[in-house]
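Below, each value reflects all heavy atoms present in this structure, side chains not excepted, and no hydrogens, waters or symmetry copies.
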Amino acid sequence: MILVPALVLALLVLVSPAPADAQIYRWVDEQGVPHYAQGIDSVPERYRATAAPIVIRNAPVPARAPAATGAAGTEIKFTKGQAIVVDATINGRASAKLILDTGADRTVINPRVLEAAGVALTQGATGQIRGATGTASVQAAALDSLEVGGAKVSKLLVIAHDIEQAAVDGLLGRDFLDQFKVSIDSDSGVATLAPKNP
């Protein structure tokens, strides 16, 4: 499944310091799924020859430190060769379907879903990105919590944007995933989010 170029938005580094012209690379895996990483060293070695640079311009916003909690582990079942889509809960009240994307630096959620969860867009937390299809303005949104099964991250700053992908509301990026031990068993069709400190 090929995701639209708007997935570049998942790379926004709105909460981390970065140069004005951060060098981002795009590559496509064996399943045809595009991934993005900051710096060529972050691209898996087998994809470096085909990785293409993309320039992202952004404006910094206040950082919020996420805090993770979770039980023994959360299992997510998926179909081999298809995107891994998770059922997430925003602020304990609104549901969202997000593509688990280990290549996305930031979590991206559709603004209408954020509104349904009672989340206000952060004033002054705007940025611009420039990708393959041009420049887009986006805003950040501060979540009280984001949950996937028993895995929960509190105080998470996400990007508010519609990735224009049918049947999903955004991307679950590494800002969430890095709080857990993530394992993906493609043969069994199971992804697991386990606590880093059981």
Euclidean distance, Leu143 CG relative to Phe176 CZ, rounded to 0.5 Å: 10.5 Å
Heavy-atom donor-acceptor pair, Ser188 side chain to Asp185 backbone, under 3.5 Å: no
Matching residue for Ile90 among Val158, Ile109, Asp144, Leu156 - test: side-chain contact (heavy atoms from CB on, under 4.5 Å): Ile109
Shortest non-hydrogen contact between Ala94 and Ala117, atoms and distance: CB-CB, 3.5 Å
Where Gln179 and Lys196 come nearest, the two heavy atoms and their spacing: O-CG, 3.7 Å
Greater than 12 external heavy atoms within 6.0 Å of Glu45's CD: no
Nearest heavy atoms of Ala96 and Asp169, plus distance in Å: CA-OD2, 3.4 Å
Any donor-acceptor pair under 3.5 Å from Lys155 side chain to Ala142 backbone: no
Shared hydrophobic cluster for Val190 and Val86 (ILVMFWY, side-chain gaps under 4.5 Å): no
Polar side-chain atom of Ser95 near backbone of Thr89 as donor-acceptor pair, under 3.5 Å: no
Test side-chain contact (heavy atoms from CB on, under 4.5 Å) applied to Val168 and Leu98, Ile99, Asn110, the passing residue: Ile99
Salt bridge flag under 4.0 Å for residues Arg106 and Asp175: yes
Side-chain ion pair, Asp101 and Arg174, N-O less than 4.0 Å: no
Residue pair Leu100 / Val85, side-chain heavy-atom distance below 4.5 Å: no
Under 3.5 Å: donor-acceptor pair, side chain of Thr192, backbone of Thr74: no
Backbone N/O of Gly173 and side chain of Thr107: donor-acceptor pair under 3.5 Å: yes
Asp187 CG to Lys80 NZ distance, which is reported to the nearest 0.5 Å: 4.5 Å
Heavy-atom closest contact (Val119 atom, Ala141 atom, distance): CG1-CB, 3.7 Å
Under 3.5 Å: donor-acceptor pair, side chain of Asp29, backbone of Gln31: yes
Shortest non-hydrogen contact between Phe78 and Ile84, atoms and distance: CG-CG1, 3.6 Å
Heavy-atom closest contact (Pro111 atom, Ala160 atom, distance): CG-C, 4.0 Å
Salt bridge (Lys or Arg N to Asp or Glu O under 4.0 Å) between Asp162 and Arg112, worked out: CA-CA 9 Å; Asp162 183 1; Arg112 80 176 154 67; over 6 Å; no
Audit row: Ile184, Ile76, side chain to side chain contact (heavy atoms under 4.5 Å, CB included) steps and yes/no: CA-CA 9 Å; Ile184 300 173; Ile76 302 155; over 6 Å; no
Atom pair CG (Asp87) and CG (Leu172), whose distance is rounded to the nearest 0.5 Å: 11.5 Å
